[in-house]
Amino acid sequence: MAIRLPGITNAKNILRRSNSFAKKAASAFMDVPKGHLAIYVGESQKKRFVVPVSFLNHSSFQELLGKAEEEFGFDHPMGGLTIPCSEDIFIHLTSRLHELL
């Protein structure tokens, strides 16, 4: 005589789904190399960039971080660091910072 526990079956399904979600989220983080961070840039359409952590020390980059703090505080809608400037400005700044490295 077998005892059926529908709650356990339901719990297994929930765990299975949350595990697959965790794997997908982990794979998104895997494409960021050690010593780098992902940043979302744009005014309306956000684009993801991966930059070296060393950029955080430069005053021009810190100005952008100040703008992000003013606009978003600590609640970033994309789940990561979001900077409210045009892609062109960000690309120009990061290319200058790459030259300094």
Side-chain angles (χ1 to χ4, degrees):
M1 180 172 168
I3 299 174
R4 291 191 175 181
L5 300 172
I8 291 178
T9 305
N10 191 25
K12 283 182 182 180
N13 288 335
I14 291 171
L15 286 174
R16 198 172 295 128
R17 278 184 269 149
S18 65
N19 189 26
S20 67
F21 175 76
K23 285 180 183 176
K24 287 177 186 175
S27 68
F29 291 111
M30 295 298 284
D31 63 343
V32 179
K34 185 175 182 175
H36 291 72
L37 70 143
I39 296 178
Y40 296 92
V41 177
E43 293 164 336
S44 59
Q45 185 84 8
K46 307 287 189 241
K47 185 173 179 183
R48 185 175 185 254
F49 292 88
V50 177
V51 298
V53 174
S54 61
F55 283 8
L56 297 174
N57 294 326
H58 293 278
S59 60
S60 52
F61 202 84
Q62 289 176 359
E63 287 180 36
L64 288 179
L65 293 175
K67 285 184 180 180
E69 182 183 15
E70 288 173 13
E71 183 156 333
F72 300 113
F74 293 106
D75 181 30
H76 294 273
M78 299 295 290
L81 182 59
T82 306
I83 296 182
C85 73
S86 71
E87 285 182 44
D88 293 336
I89 291 172
F90 186 79
I91 291 170
H92 178 72
L93 172 66
T94 54
S95 63
R96 283 194 356 226
L97 293 176
H98 276 294
E99 291 172 1
L100 295 174
L101 292 178

How far apart are the closest heavy atoms of Glu43 and Lys46, and which atoms are they?
-> O-NZ, 3.3 Å
Which value, rounded to the nearest 0.5 Å, describes the distance between Leu81 atom CG and Tyr40 atom OH?
-> 10.5 Å
Between Glu87 and Gln45 the two heavy atoms that sit nearest each other are OE2-O, 4.4 Å
Under 3.5 Å donor-acceptor pairs involving side-chain atoms of residues 90-101, not counting sequence neighbours:
from  : atom 1 : to    : atom 2 : distance (Å)
Thr94 : OG1    : Phe90 : O      : 3.0
Thr94 : OG1    : Ile91 : O      : 3.1
Ser95 : OG     : Ile91 : O      : 3.1
Ser95 : OG     : His92 : O      : 2.8

What distance separates Lys67 NZ from Thr82 OG1, expressed to the nearest 0.5 Å?
-> 15.0 Å
Closest non-hydrogen atom pair between Ala68 and Pro84, with its separation = CA-CD, 3.7 Å
Report, one line per pair, each donor and acceptor closer than 3.5 Å where one atom sits in a side chain of residues 51-59; sequence neighbours left out.
none

Can you check whether Val32 reaches Arg48 side chain to side chain, under 4.5 Å on heavy atoms?
-> yes
Going through the distances and angles, do Ile89 and Val41 end up as a side-chain contact (heavy atoms from CB on, under 4.5 Å)?
-> CA-CA 10 Å; Ile89 291 172; Val41 177; over 6 Å; no
